[in-house]
Structures are given as C-alpha cells and as structure tokens.
Amino acid sequence: MVRVGVVYNIVRDLCNKDQKGFVTPAVFNTLAEAAQMNVYNEMFNELKLATRLRRSGSDAGRDKSAYKMVEEDLSYFISTRVLNVAGDESSIRVLKPTNLSRIISMHVVDTETSVEIIYDIEKAKRVLNSNLSTPTEEFPVAMVFGDYTSGTDAPGQFIQVYPDTISEDVVMNYYRLPEKPLYVTRDIGNGLIIEDAVSSVNFELPAHYLTELVGEIARMIGVRLRDDVLTQYGTAEITSK
C-alpha cells in the first residue's frame, strides 16, 4: 500500500510551501481522501477499457495483460456480506453495508441460486406486478434502493429481496470503498514535528499508484493556490498513467 507519510512529504516538497503552511496536514487529509477516490473510480474506467481490449483481441497476454492487472488491483476491495433475509417478512429488507461501493453478485446460501439485481424502481414495479416475471424461490430478485421510506422506517439505503418466502440468507459479493487516508503528526520537542505512524492511516492503493496520487493532490493544490505549474504537473502525472 502507498504510505501516507511518503505522499505528504513529496507533495510538501513539490509545492515548496512548507515554511508558509500552505500544505498543512488538515488540508492534505481533505485532498488525500478526494485523490484516493478519484484513483479508485478510475480503476473501474480502466477495467472497462481493458475489457474492450480483451474482447477485440488487442490485450497483451499473461502478466502483461491490462485486464489482469486492473482486476488484480480491484480484487483487494472485494468483500462478502451475508444478508439476513431468511425468516419473517420484516427481515427481508436489509441496510446496505456502509462501505458498499458496487455490487458484484448475489446468491442464496446453500442452494447457490443466483439473485437478479434491479436498481431501477420502475423496472422493479413491473417485475413485481407481472404474472410472468414475479420473483420465485427459483428466480429470486433483489431491489437496490436509494433513500427509501415506508411506514415508520427512516430514510436510508436498503436492499430488499423477493419473494419473502426464501428460507435461506443471501450472500452478496461487492466492491467496498477504500479506508480514508489520514496523516497525523506528533511533536517530539524542540520544534520538531514528525509523522505519528501509529495513528496515521495509509492509502488503500497498491504501491504503483504513488505517482498518480501525488499528481492528483498536486493538481488540486494547484487549483486551490491558482498555481499553473502545480496544476500542469499534476495533470501531466495523471494523464501519463
């Protein structure tokens, strides 16, 4: 993983503003979180591109495969959660995991029956009201809702599984969000401030994303300070990946 202290030191030295306090840990932490999410989301765009290359037969093979490399990076974020939907009707609706990014697949425990996932509420209504497509235990369906209110329930992010007669729980495989990076310092006296490695949280990205992270943060600081040199440097580092 990319060390948060290493990125902070590079960005601070690159900006050459450490004596003026422009890149404080607080500012860096705000930008670092945004930069990590930008890189994380870009992985999925790279996966789409790599998939097209693979289908066209243009992707390199074995360890040089663009598809393999992106899949390998994203595999670190794959998580599994058991959704407790078996039992009475009130247990069919479950809260989404707070770290949920994108759902990969769902299946019923024991039977391994695949669960179709629907995000469009209009399509969900058509499925539930149709005699031909009504969910069954052999063909279950999961509705993924955004803000949802029903009766006394508070608005929230829910997954609802149909039919309510399913006697087993459902396993969900999904990509989780990365942990937020955090750069923490401590004063060791005589005006010396160093990284608190115990309290700091590193970036949850493979080491080869170091330059891309630095570029993202440098670009954002350049925009913040209206510094064209930093902005151009950051943009060049990002587009070179």
Side-chain angles (χ1 to χ4, degrees), residues 1 33 36-51 54 67-130 132-181 201-206 209:
M1 297 294 103
E33 181 182 350
Q36 177 170 254
M37 285 305 303
N38 287 346
V39 175
Y40 173 78
N41 289 326
E42 184 59 29
M43 286 184 187
F44 292 97
N45 293 330
E46 291 174 1
L47 184 61
K48 290 179 182 177
L49 177 59
T51 301
R54 194 180 197 188
Y67 183 86
K68 174 184 175 296
M69 287 189 283
V70 179
E71 264 208 328
E72 188 174 318
D73 289 345
L74 283 172
S75 66
Y76 179 80
F77 298 100
I78 295 177
S79 291
T80 299
R81 180 71 60 88
V82 176
L83 306 180
N84 303 123
V85 300
D88 59 6
E89 186 176 353
S90 62
S91 67
I92 300 300
R93 188 189 307 136
V94 293
L95 279 170
K96 295 179 184 177
T98 56
N99 64 349
L100 172 64
S101 174
R102 305 180 186 208
I103 298 174
I104 300 172
S105 64
M106 291 185 191
H107 68 270
V108 179
V109 175
D110 292 343
T111 65
E112 297 293 326
T113 303
S114 294
V115 179
E116 182 182 356
I117 305 168
I118 298 178
Y119 300 92
D120 187 331
I121 192 167
E122 292 302 320
K123 181 180 178 181
K125 289 178 180 178
R126 290 196 298 271
V127 168
L128 294 177
N129 294 327
S130 170
L132 296 176
S133 60
T134 299
T136 65
E137 292 185 26
E138 290 74 26
F139 298 98
V141 171
M143 312 295 186
V144 181
F145 295 100
D147 289 339
Y148 178 83
T149 304
S150 177
T152 58
D153 292 342
Q157 304 291 313
F158 287 93
I159 298 170
Q160 188 155 353
V161 178
Y162 297 90
D164 57 20
T165 56
I166 292 178
S167 58
E168 300 289 342
D169 291 327
V170 170
V171 173
M172 178 175 68
N173 299 310
Y174 66 99
Y175 289 109
R176 65 174 178 80
L177 294 169
E179 294 283 340
K180 295 179 182 179
V201 179
N202 292 324
F203 290 92
E204 272 206 297
L205 293 171
Y209 285 98

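Atom set for the values below is all heavy atoms of this structure, side chains included, hydrogens, waters and symmetry mates excluded. Residue numbers run from 1 in the order of the sequence given.
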(request) Might you work through the side chain to side chain contact (heavy atoms under 4.5 Å, CB included) test for Leu74 and Ile78, ending with a clear yes or no? (result) CA-CA 7 Å; Leu74 283 172; Ile78 295 177; 6.0 Å; no
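- In the model, Gln160 has a side-chain atom that pairs as donor or acceptor with a side-chain atom of Tyr162 under 3.5 Å.
- Looking at Asn202 and Pro181, their side chains never come closer than 4.5 Å, going by heavy atoms from C-beta outward.
- Taking the side chain as every heavy atom from C-beta outward, Thr134 and Val127 never approach each other to under 4.5 Å.
- By the 4.5 Å heavy-atom criterion applied to side chains, Ile159 and Met172 are counted as neighbours.
- Arg176 is listed as a side-chain neighbour of Glu204, based on a closest heavy-atom distance under 4.5 Å.
- Residue Glu179 comes nearest to Gln36 through the heavy atom pair O-NE2, 2.7 Å, listed as atom of the first residue, atom of the second, then distance.
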(request) Determine, step by step, whether Met37 and Asn41 satisfy the side chain to side chain contact (heavy atoms under 4.5 Å, CB included) criterion, reporting the C-alpha distance in whole Å, the side-chain angles of both residues, the deciding distance to 0.1 Å, and the verdict. (result) CA-CA 6 Å; Met37 285 305 303; Asn41 289 326; 4.1 Å; yes
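- At a threshold of 4.0 Å, the pair Arg126-Glu122 does not count as salt-bridged, since none of the basic side-chain nitrogens sits closer than that to a carboxylate oxygen.
- Within a 6.0 Å radius of OH in Tyr119, other residues, nucleotides and ligands contribute more than 12 heavy atoms.
- Residues Tyr209 and Asp73 have side chains in contact (heavy-atom distance under 4.5 Å, counting atoms from C-beta outward).
- Expressed to the nearest 0.5 Å, how far CZ of Arg81 lies from CG of Asp169 amounts to 13.0 Å.
- By the 4.5 Å heavy-atom criterion applied to side chains, Leu177 and Leu100 are not counted as neighbours.
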(request) Would you check, one step at a time, whether the test side chain to side chain contact (heavy atoms under 4.5 Å, CB included) holds for Ile118 with Val141? (result) CA-CA 7 Å; Ile118 298 178; Val141 171; 3.6 Å; yes
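- Between atom OG1 of residue Thr80 and atom CD1 of residue Ile104 there is a gap of 8.0 Å, rounded to the nearest 0.5 Å.
- Residues Pro140 and Met106 form no side-chain contact, since every pair of their non-hydrogen atoms from C-beta on lies 4.5 Å or further apart.
- Side chains of Thr165 and Glu137: a donor on one and an acceptor on the other come within 3.5 Å.
- Atoms CG and NZ, on Asp120 and Lys125 in that order, are 10.0 Å from each other to the nearest 0.5 Å.
- The distance from the CG atom of Leu83 to the CD1 atom of Ile166 is 10.5 Å, given to the nearest 0.5 Å.
- Note: Phe77 and Tyr174 fail the aromatic proximity criterion, with ring centroids not under 6.0 Å apart.
- Note: Phe203 CZ to Glu33 CD = 10.0 Å, rounded to the nearest 0.5 Å.
- Taking OG1 from Thr51 and OH from Tyr67, the interatomic distance works out to 5.0 Å, rounded to the nearest 0.5 Å.
- Side-chain contact between Leu205 and Met43: present, with at least one pair of heavy atoms (C-beta onward) separated by less than 4.5 Å.
- Using modelled atom types, one finds a donor on one side chain and an acceptor on the other under 3.5 Å when comparing Ser101 with Tyr40.
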